[in-house]
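I have placed the structure first, in the form of structure tokens, so that the comments after it can refer back to it.
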Amino acid sequence: MERTRRNFLRTITAIAGAMLFPLRLIAAPWNERAFDEVVYADSLKSVGAAGLIESDLIMLKIPEIAENGSIVPIQVSSEIADTERVFVFAEKNPQPLVASFTFHKGVDPFFATRIKMGESAPVHVVVLAGGKYYVASRNVTVTIGGCGE
Amino acid sequence: MADPMRIRIVRKGDVADIKMLIFHPMETGYRTNSVTGEIVPKHFIKTLQALHNGEKVLEVEWSRSVSRNPFLHFRVRGASAGDDIEIAWEDNFGETGGTEAKIK
């Protein structure tokens, strides 16, 4: 009897927990290898990017001069049809891959965020669309580096 | 929910403009505590997901190079008043956070 009751309570608690925190059940992938790479070319390879095509259909807004490397605003919008993913690289950061965005149906291929830059470097935005990789780059001059932050 | 966050949604027609701020240290693991002289361990949000009416619309993978108290702005299409937006994140310590909001 006791055991049955305990099991019952345990089951009820688990169900209640799952109902309270449904978001925790979603497993999300994180590309550890790509984020750990220390050379830009290697991080590109690790996300699967090859044969980059330069594109002016990637709108990249980032300051030319960033006074504070710990907060560099970046805004990206892709006008390339069927944009699935966007990767952001700061070429000279200790690990160049900064972020990856996967866009599903029902969301614009657009985002804005703030990143850290250790030193002046090109920032590359790589777009995966229809199985091809496109790139847009800007040089960003950093006055005070922000990688310790 | 481990940490608080702020979210603001502005809908124009069927486009919902979503801006959020998450309160998180986003430690790189390269910083030294000025008092103890010890390295502050890396502590950063690795993944973030956004759901629109329970449907996954955006998946984000972040590194230590995203600024402290991360800001994120994105846009959802096909939005109507009363729709649900859910945000869920997880960091490298396995801590999770998020929020639920309604589109007005």
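Chain identifiers are assigned alphabetically (A, B, ...) following the order of the sequence lines, protein sequences preceding nucleic acid strands; residue numbering begins at 1 within each chain. Quick caveat, the model's predicted, so the values are computed rather than measured.
Note that the CZ atom of B:Arg31 and the OG atom of A:Ser70 stand 11.0 Å from one another [nearest 0.5 Å]. Separating the CG atom in B:Asn92 from the CH2 atom in A:Trp30 is a distance of 8.0 Å, to the nearest 0.5 Å.
Counting heavy atoms from C-beta outward, B:Leu72 and A:Phe101 have side chains that approach closer than 4.5 Å. Considering only heavy atoms from C-beta on, A:Asn93 comes within 4.5 Å of B:Ser65 through its side chain. Using a 4.5 Å cut-off on side-chain heavy atoms (C-beta onward), B:Glu61 and A:Asn31 make contact. Two residues are said to be in side-chain contact when any heavy atoms from C-beta on lie closer than 4.5 Å; A:His104 and B:Glu55 fail this criterion. Side chains of B:Val66 and A:Arg114 form no contact here, defined as non-hydrogen atoms less than 4.5 Å apart. Side-chain contact check for A:Phe35 versus B:Arg64: every heavy-atom pair is 4.5 Å or farther apart.
When each of A:Pro96, A:Ser100, A:Pro73, A:Ala34 is checked for heavy-atom pairs under 4.5 Å with chain B, A:Ser100 comes out on top. Annotation: maximal heavy-atom pairing with chain A below 4.5 Å, among B:Thr47, B:Val57, B:Val60, occurs at B:Val57.
Atom CG of A:Asp82 has 12 or fewer neighbouring heavy atoms from other residues, nucleotides or ligands inside a 6.0 Å radius.
The side chain to side chain contact (heavy atoms under 4.5 Å, CB included) with B:Trp62 is formed by just one residue from the set A:Val98, A:Thr113, A:Ile115; it is A:Thr113.
In summary, B:Glu59 and A:Arg85 do not engage in a salt bridge, as defined by a charged side-chain N under 4.0 Å from a carboxylate O.
Contact annotation for A:Phe103: both backbone and side-chain heavy atoms come within less than 4.5 Å of a heavy atom of chain B.
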